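Worksheet: the structure to be examined is printed underneath.
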Amino acid sequence: MIDDPRIETQAVHAGEQRPGPEGSVVYPIYQSTVYAVDSGTRYHDLKYLRLNSTPSQNYLHGKLAALEGAEAAVATSSGMAAITSTLHTLLTEGDHLLVADALYGGTHDFLVERAASLGWTYTFIDAQRPETWEAALTPRTRAIYVETIANPVMRVARMPEVVAFAREHGLVSVVDNTFASPVNYRPVPAGFDIVVHSATKYLNGHSDLTAGAIAGSAEIIERVRKTLNLYGGSLDAHTGFLLARGLKTLALRVAAQNANALALAEFLTAHPKIGAVNYAGLPSHVDHDHAKGFLSGFGGMLSLRLTGGVDAAEALLAGLTLPFVAPSLGGVESLITFPARTSHSNMSPEAREAVGIYDDLIRLSCGIEAAEDLIADFDSALRKA
Ligand code: PLP
């Protein structure tokens, strides 16, 4: 490939074999569970689907690594498998984790429900206030975990400060980059040790599969792969094929979603029935100034509140004709939801409010529809809200 290709080019060509097997342009699905090996091959080097070492998996891993600008990557059966495999690799009994308080609900629930029985401790930190992190360190702190753009309040973590803090204190830095995608931010070249994704979202982009991804140095990914092999969260070849297909249009999709989210955020901010819009691309957003230093786009996700509270919010959702009322994100179709009832429903109301997840907060994942049509749909639904 040419030197220093842009992400649009990488999405199509990176990790592709040329020529592919039998001259194929599209890498085929190798369906075999197991492959013949030389006697004496080590367990984790056997070619077996659960061991994440078959041709279709290796192809996908190469593509994911190239898109993340990382040495290596491994795909998992879900975003949660990526997150839990990573944490199980980094932490053993007695270890401590610093973790951002504005967090995907599933990650939050995993820590709250499982960390104690695993012998891990953790402290929630405010990812916007680096001056408070040092006080939370313990002699057993091993890692710091943040989300680039936090679900669902769209706060942007202090990413350069996280990298510097982790280096200063000998911690492994981990980031869930699901909302930003590598199109808007590439954590590994920026100094993070590990990036995790729910590939169910932007990486695949079509709301038709569940997968996860982890990228980092070859050494760290080899360790994570061994954990994954033991827990059994590998991705099957068919799903991996669909994910690789989705990745080829990642840059185009995310560019359209960035533009749609910004256009809608600007429209909604100016609307008299809207009380608040959370989108870091707006100069009025609390994180805009620092986020523009490292994000190349602000993503396709925004959240909002109406001045009329829950009843008005319900009426808005009922009046919209384009977005599906559904809790996922990152697909080509717009999706809209109440996080307090879906992704963050297991948190206590007090814990939710502390991080800005009010009962009437609406989260919108912009699809790739025309911005004018999305705005017209909101305009019409807001008249009835
Ligand atoms: N991380 C983030 C930011 C998410 O939004 C999600 C799912 O919504 C996950 C991780 C978990 O991903 P999955 O549903 O693929 O397990």
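Here the structure is a predicted model, which means the values were calculated and not measured. Both counts, for ligands and for their atoms, begin at 1 and track the order of listing. Each residue takes its place number in the sequence, starting with 1.
Between Thr210 and ligand 1, no N or O atom pair is found at a separation short of 3.5 Å. Here's the thing with Met80: one of its N/O atoms is less than 3.5 angstrom from an N/O atom of ligand 1. Considering backbone and side-chain atoms alike, Ile83 places every N or O at 3.5 Å or more from each N or O of ligand 1. Between Thr200 and ligand 1, at least one pair of N/O atoms sits closer than 3.5 Å.
Interface atoms of ligand 1 facing Ser78, defined by a heavy-atom separation under 4.0 Å, are 15 (O), 16 (O). Shown in contact with Asn151 at under 4.0 Å from a heavy atom are these atoms of ligand 1, numbered in order with element: 5 (O). Each of the following atoms of ligand 1 lies closer than 4.0 Å to a heavy atom of Ser198: 6 (C), 9 (C), 10 (C), 11 (C), 12 (O), 13 (P), 15 (O). If you number the atoms of ligand 1 from 1 as listed, the ones under 4.0 Å from a heavy atom of Thr178 come out as 1 (N), 2 (C), 3 (C). Those atoms of ligand 1 with a heavy atom of Lys201 less than 4.0 angstrom away are 6 (C), 7 (C), 8 (O).
Neither the backbone nor the side chain of His197 has any atom closer than 4.0 Å to an atom of ligand 1 (non-hydrogen atoms only). Contacts between Ala199 and ligand 1 below 4.0 angstrom, taking non-hydrogen atoms only, are absent altogether. Counting heavy atoms under 4.0 Å from ligand 1, residue Val196 does not touch it at all.
Ring pair Tyr185/Phe294: centre-to-centre distance below 6.0 Å. Between His288 and Phe298, the ring center distance clears the sub-6.0 Å criterion.
Tyr104 CE2, 3.5 Å is the protein heavy atom nearest to atom 11 (C) of ligand 1. Looking from atom 1 (N) of ligand 1 to the surrounding protein, the closest heavy atom is Asp176 OD2, 2.6 Å.
The structure places CZ of Arg158 at 8.5 Å from CH2 of Trp133, a figure rounded to the nearest 0.5 Å.
Residue-ligand proximity: Ala211 is placed with a non-hydrogen atom under 4.0 Å from ligand 1.
With no hydrogens or angles considered, no side-chain donor-acceptor pair links Glu161 and His290 at under 3.5 Å. There is a side-chain donor-acceptor pair under 3.5 Å between His44 and Asn229. No side-chain donor-acceptor contact under 3.5 Å links His169 and Thr141.
The side-chain tip of Arg352 does not point at the ring of Tyr358 from less than 6.0 angstrom away and within 45° of straight on.
With His88 as the fixed residue, the side-chain contact (heavy atoms from CB on, under 4.5 Å) test singles out one of Leu230, Thr227, Val224: Thr227.
Relative ring orientation between Tyr122 and Phe124 is described as perpendicular, the plane-to-plane angle rising above 60° on a 0-90° scale split at 30° and 60°.
Ion pairing between Glu16 and Lys63 holds under the 4.0 Å rule for side-chain N and carboxylate O.
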